[in-house]
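See structure below.
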Amino acid sequence: MAMELAEEEQYGPVWEPVPAPGCDVCELLAQDRESARTQGHGLTVRSCNAVIAGHPHGREGRTAGTERTRR
């Protein structure tokens with residue numbers, strides 16, 4: 001029987017986009033992301049990350065430097 005490795009063990013550290021401070025949309029997506037993670041819904045976690053990363057005001061912060069958190 002093959003043993004499954006955690007994503008971090010397979011691919012290295014996992015970096016996620018940081019929700020923009022004060023943004024209700026980003027805040028809700030971050031809550032959905034954590035809920036999905038605890039329920040084992042990896043696709044939903046990745047979808048939330050994509051939306052947070054592509055949210056329009058998130059692009060302003062990336063010009064000065066990338067802000068991401070390591071989980």
Side-chain angles (χ1 to χ4, degrees):
M1 179 188 317
M3 185 171 154
E4 289 189 36
L5 297 175
E7 187 174 356
E8 187 167 350
E9 292 177 55
Q10 290 178 347
Y11 306 111
V14 177
W15 296 88
E16 293 185 323
V18 177
C23 176
D24 292 340
V25 173
C26 286
E27 189 63 36
L28 288 171
L29 285 163
Q31 290 172 11
D32 287 349
R33 174 176 67 189
E34 290 309 310
S35 176
R37 187 184 330 280
T38 61
Q39 296 174 23
H41 298 286
L43 182 58
T44 303
V45 171
R46 290 188 295 275
S47 294
C48 289
N49 283 339
V51 176
I52 292 170
H55 205 243
H57 52 66
R59 294 187 187 116
E60 296 169 7
R62 288 192 208 126
T63 58
T66 304
E67 289 188 45
R68 299 200 178 238
T69 58
R70 184 176 174 193
R71 64 166 183 98

**OP:** Verify the cluster assignment for V25 and L28: are they in a single hydrophobic cluster under the rule of side-chain heavy atoms below 4.5 Å apart?
**Re:** no
Original post:
Any side-chain donor-acceptor pair under 3.5 Å between Q39 and S35?
Top reply: yes
Subject >> Which atom of D32 lies closest to which atom of C48, heavy atoms considered >> reply: CB-SG, 3.9 Å
Subject >> Electrostatic pair E16-R37, nearest N-O below 4.0 angstrom >> reply: yes
Subject >> From L29 atom CG to T44 atom OG1, the distance as rounded to the nearest 0.5 Å >> reply: 11.5 Å
Subject >> Heavy-atom pair with the smallest gap, counting every atom of P17 and N49 >> reply: CG-O, 3.2 Å
Subject >> Residue of the set E34, R33, E27 for which side-chain contact (heavy atoms from CB on, under 4.5 Å) holds with Q31 >> reply: E27
